[in-house]
Amino acid sequence: MDITVLLGAPGSGKGTQAKRLSERGGFIHFSTGDMLRAAMKAATPVGLKAKAYVEKGDLVPDDIMIEVIESALASVPKSTRALLDGFPRTVPQAQALDSRPATAAARAISFEISEPELIRRLTGRRICEKCGESFHIVFLPPKAEGVCDRCGGRLIQRADDGESVVKHRLDVFNKQNTLLLSYYSSTNKLKRLQAERSVESIQKDLHEMLSSDGLR
Ligand code: AMP
């Protein structure tokens with residue numbers, strides 16, 4: 001398996017980019033946030049354990065998350081090119097991935113973006129309750145208000161995208177991210193991407209970064 005870790009604050013565009021790359025083919029997108037939201041909706045044991053943390057914008061404990069990602073990665077072929085979006089969020093999570101040759105990260109790409117821009121993006125974000133597609137009331141509005149362009153589902157604001165929870169999520173992110181950046185730079189796996197640009201221009205750079213590593 002070839003694993004690319006996408007690092008970056010909530011709202012930095014990792015999910016949008018990973019979704020696009022996986023739709024073009026060649027990559028599988030693993031979003032631990034999407035996995036938890038699905039588990040919460042289905043009220044599975046993991047969903048029930050995670051709910052209170054997710055709603056407050058806190059991190060779900062490492063042992064639960066490591067199990068979630070390990071079982072997701074175990075369910076795909078060994079030849080998979082995986083894009084990890086939202087995992088790892090702590091150094092112990094990164095170490096858990098790297099502790100097995102089969103799941104060790106080949107590279108980490110950090111999406112870099114300013115805090116005021118993140119707050120604008122997150123509080124205006126709307127997601128489809130059916131397929132998870134992301135929109136923004138100003139930057140990426142759907143064709144018809146409140147309706148998903150892709151599947152016709154209803155667009156809702158995530159419970160954790162309200163302003164006070166967003167600020168808390170960014171604080172949590174900033175604390176852990178500094179440690180994660182040092183972890184990946186100490187092993188020469190870190191690449192940085194300026195993410196305060198259009199979706200298309202970031203996609204082009206990301207594609208080039210992956211191509212230069214022999215992936216396309
Ligand atoms: P996201 O959609 O990536 O912003 O994730 C939504 C929420 O899910 C986060 O605010 C956390 O509560 C939880 N979560 C997702 N991935 C992780 C992870 N790797 N470690 C801990 N909590 C996570």
Side-chain angles (χ1 to χ4, degrees), residues 4-21 29 31-34 36-37 50 52-60 65 83-91 93-94 107-129 132-143 145-150 154-185 190-209:
T4 302
V5 163
L6 304 179
L7 297 177
S12 60
K14 316 179 293 294
T16 302
Q17 296 295 339
K19 211 171 225 178
R20 289 199 169 201
L21 280 176
H29 173 203
S31 157
T32 45
D34 285 350
L36 291 179
R37 281 183 288 278
Y53 299 99
V54 174
E55 284 176 354
K56 277 193 266 168
D58 286 332
L59 291 182
V60 174
M65 294 315 303
L83 298 172
L84 266 48
D85 158 21
F87 190 100
R89 266 187 160 86
T90 64
V91 170
Q93 292 181 12
R107 65 198 72 72
I109 301 179
S110 167
F111 284 53
E112 317 231 311
I113 186 166
S114 75
E115 188 142 332
E117 175 68 10
L118 286 173
I119 293 175
R120 271 195 295 277
R121 287 191 186 185
L122 287 168
T123 53
R125 177 160 76 177
R126 299 292 180 270
I127 59 162
C128 172
E129 64 177 356
E133 185 75 354
S134 228
F135 296 87
H136 189 282
I137 51 177
V138 180
F139 307 130
L140 192 63
K143 292 193 184 97
E145 200 185 321
V147 182
C148 176
D149 289 354
R150 200 169 165 215
R154 195 165 65 105
L155 300 185
I156 53 165
Q157 184 174 46
R158 272 171 48 175
D160 57 350
D161 276 347
E163 192 160 348
S164 66
V165 181
V166 159
K167 289 206 167 119
H168 179 60
R169 284 166 65 207
L170 293 179
D171 285 346
V172 170
F173 165 77
N174 285 326
K175 280 198 195 100
Q176 299 299 332
N177 193 49
T178 316
L179 302 170
L180 277 173
L181 292 177
S182 334
Y183 177 82
Y184 285 115
S185 77
L190 185 67
K191 296 168 192 266
R192 293 175 189 267
L193 189 67
Q194 212 289 94
E196 207 162 319
R197 295 179 289 143
S198 72
V199 171
E200 283 69 28
S201 117
I202 297 168
Q203 181 81 182
K204 192 168 157 276
D205 283 8
L206 190 55
H207 193 248
E208 270 164 23
M209 273 180 184

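No experiment lies behind these values; they were computed from the predicted model shown.
Taking all atoms of both residues into account, the shortest heavy-atom contact from R169 to D160 is NH1-O, 2.7 Å. When every heavy atom of S134 is checked against every heavy atom of I127, the shortest pair comes out as OG-CG2, 3.8 Å. The two residues P142 and E145 have their closest heavy-atom pair at CG-CA, 4.4 Å. In this structure, V91 and Y183 approach most closely via the heavy-atom pair CG1-CD1, 4.0 Å. In terms of heavy atoms, R150 sits closest to E133 at NH1-OE1, 3.0 Å. The minimum heavy-atom distance between V165 and E55, with the atom names listed, is CG1-O, 4.0 Å.
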Verify salt bridge (Lys or Arg N to Asp or Glu O under 4.0 Å) between R20 and E200, making sure each step is shown before the conclusion.
CA-CA 10 Å; R20 289 199 169 201; E200 283 69 28; 3.4 Å; yes
Walk me through whether E115 and N174 qualify under side chain to side chain contact (heavy atoms under 4.5 Å, CB included).
CA-CA 10 Å; E115 188 142 332; N174 285 326; 3.4 Å; yes
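Rounding to the nearest 0.5 Å gives a distance of 10.5 Å between CG of L118 and OG1 of T123. In this structure, CG in L181 is found 5.5 Å from CZ in R192, a value given to the nearest 0.5 Å. In this structure, SG on C148 lies 11.5 Å from CD1 on I156, to the nearest 0.5 angstrom. The structure places CG of L21 at 11.5 Å from CG of D85, a figure rounded to the nearest 0.5 Å. The structure places CG of D171 at 11.0 Å from CG of D58, a figure rounded to the nearest 0.5 Å. Note that the CZ atom of R107 and the CG atom of L6 stand 10.5 Å from one another [nearest 0.5 Å].
At a threshold of 4.5 Å between non-hydrogen side-chain atoms, the residues T4 and M209 do not count as touching. The shortest side-chain heavy-atom distance between M65 and L36 falls under the 4.5 Å cut-off. Side-chain contact between D205 and R197 is present, with at least one heavy-atom pair separated by less than 4.5 Å. Taking 4.5 Å as the limit, some side-chain heavy atom of F111 sits within range of a side-chain heavy atom of L206.
The main-chain N or O of E112 is never found under 3.5 Å from a side-chain atom of E196 such that the two would form a donor-acceptor pair. The backbone N or O of R89 sits less than 3.5 Å from a side-chain atom of Q93, completing a donor-acceptor pair. In this structure a side-chain-to-backbone donor-acceptor pair under 3.5 Å is present from K14 to G8. A distance-only check finds a donor-acceptor pair linking the side chain of T32 to the backbone of G86 [under 3.5 Å].
Other residues, nucleotides and ligands contribute only 12 or fewer heavy atoms inside 6.0 Å of the CZ atom of R154.
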